[in-house]
Amino acid sequence: LMAAMWLEPSSRSLQLVFLAWAAGSSLSIVCACVSLRHTLGEVLRIRGLDWRWVRGGLGTALYFLAGTLAFRALLTIDRYLLEWSSDMATVGVYTLYIGIAMVLTSVADAGVVVRYYPALVSAYRQGDGATYRETLTRLALGICALIALFALGLLVIERPLMEFLDQPLYAEQVQVLWFLEEAMAVFNMSMVPHFVLYARKADRAILASHLFALLAFMGCALVQPAATPILSISLAVLVAMSVLAATKCALWLRGDAAGG
C-alpha cells in the first residue's frame, strides 16, 4: 500500500487505507485459523466444547471491549471536537503531536509491559507475594525510566523537528506537544494499577475507570478552559488521563484495604 501511494498519487485515499486494513485483518484471521485447525480439532475431538466456559469468557470479554471502546472513543472524539471548534490545519497539528506522544505508549508496551505483566499476573494468582511485589516494582520503575528517556529525547529533537516541519503553526503550538506528552506519561503510569486490577480480575473496576476518563474528557473539552481550542482539547486529554490514573489507583487501594 505504501509503495502504491508513493508511486501513484491517485491511490492516496482513506477508502484504500480502510480496504487495506480490512484485507490485512481478514488475512490474519485466515492464517490463524489455518495454523490452529489441527490443534483445535484435536482438542474438540478429545474434550468437546465447554459452552459454559465459552459463555463466561464472552461475558468477561464484554467488559474489556466496553472499556477499550470508551478509551478509543476519547482518542477519536478529540479530533472531531477540535475540527468543530477550529479548522483542519489545527487538527493536522494536533494529530501529528498526539501521534508523537503516543509513541511512548507503543514503546512501553513492547519494551516494558509485555515483559513484566504476565509474571505479575501469574505471581498474584499463585499467591507468590514476594515475586508479585518485585515484579510490580520493576514494572513501575521501567515505565518511569522510559518516560524520563522519552521526555529527554523530545527535548533534544524539538528544535530540529520544528526546523524540519518549517511551518509557523507547528512552532506556535509546540506547547501542545508537551501537554499531550504529559497525558501519555500519566496514562502509561496508570498501567501499573491497571495490571494490579487485571490480576485481581476486577474487570468492572477497569471499565468504570475508562468511563470516568471519557466523561472527564467530554466535560473538560466542552467547557473549553484554555485560550485556544487546541490547548483546550490537549488539556482535556491530560485531565482525562489523570482521572483514569487516579481512579485506578483509588480502586487498587480500596482492594488492598478490603484484603483483595
Can you tell me how far apart [atom1] ([X]) and [atom2] ([Y]) are? Round to the nearest 0.5 Å.
X    : Y    : atom1 : atom2 : answer
L104 : L149 : CG    : CG    : 10.0 Å
W252 : R200 : CH2   : CZ    : 8.0 Å
S232 : D78  : OG    : CG    : 13.0 Å
I230 : F179 : CD1   : CZ    : 11.5 Å
Q173 : Q167 : CD    : CD    : 13.0 Å
T68  : L207 : OG1   : CG    : 9.5 Å

(message) Tell me whether the count of non-hydrogen atoms from other residues, nucleotides or ligands lying under 6.0 Å of OH in Y170 goes above 12.
(response)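 Counting neighbours around OH of Y170, more than 12 heavy atoms of other residues, nucleotides or ligands fall under 6.0 Å, so yes.
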(request) Would you indicate whether R159, at its atom CZ, is surrounded by more than 12 heavy atoms from other residues, nucleotides or ligands within a distance under 6.0 Å? (result) no
Check whether any side-chain heavy atom of [X] sits under 4.5 Å from a side-chain heavy atom of [Y], and report yes or no.
X    : Y    : answer
T131 : Y124 : no
L180 : I100 : no
Y132 : V196 : yes
M191 : T105 : no
K248 : H210 : yes
M189 : C144 : yes
L62  : L58  : no
N188 : V112 : no

(request) Could you tell me whether E134 and R138 have a side-chain N and a carboxylate O separated by less than 4.0 Å? (result) yes
Looking at [X] and [Y], what are the two nearest heavy atoms and their distance?
X    : Y    : result
L139 : V113 : CD1-CA, 4.2 Å
I147 : A185 : CD1-O, 3.4 Å
R72  : T76  : O-OG1, 2.8 Å
A240 : A216 : CA-CB, 4.4 Å
L244 : A213 : CB-CB, 3.8 Å
L120 : T135 : N-CG2, 3.7 Å

Does [Y] offer a backbone N or O that forms a donor-acceptor pair with the side chain of [X] under 3.5 Å?
X    : Y    : answer
R125 : A199 : yes
Y63  : A202 : no
S122 : P118 : no
T90  : S86  : no
S25  : A22  : no

Between [X] and [Y], is there shared hydrophobic-cluster membership here, with clusters defined by ILVMFWY side-chain heavy atoms closer than 4.5 Å?
X    : Y    : result
M218 : L75  : yes
L69  : I206 : no
V91  : L169 : yes
L155 : V103 : yes
Y94  : L222 : yes

(request) Kindly state whether the ring of F187 and the ring of F71 have centres lying under 6.0 angstrom apart. (result) yes
(request) Test E158 against W178 for side chain to side chain contact (heavy atoms under 4.5 Å, CB included), laying out the working first. (result) CA-CA 10 Å; E158 180 184 326; W178 289 100; 3.0 Å; yes
(message) side chain to side chain contact (heavy atoms under 4.5 Å, CB included), that's the test. Do V176 and V93 meet it? Break it down for me.
(response) CA-CA 9 Å; V176 170; V93 174; 5.8 Å; no
(message) Please evaluate residues L154 and I157 with respect to the criterion side chain to side chain contact (heavy atoms under 4.5 Å, CB included), reporting the C-alpha separation (whole Å), side-chain torsions for both, the decisive distance (0.1 Å), and the verdict.
(response) CA-CA 5 Å; L154 205 55; I157 71 166; 4.1 Å; yes
(message) side chain to side chain contact (heavy atoms under 4.5 Å, CB included), that's the test. Do F18 and W21 meet it? Break it down for me.
(response) CA-CA 5 Å; F18 291 148; W21 278 350; 3.6 Å; yes
(request) Indicate the ring-plane relationship of Y198 and Y117, choosing parallel, tilted or perpendicular according to the 30° and 60° boundaries. (result) perpendicular
(request) Check the side chains of S106 and D109 for a donor-acceptor pair under 3.5 angstrom, ignoring hydrogens and angles. (result) no
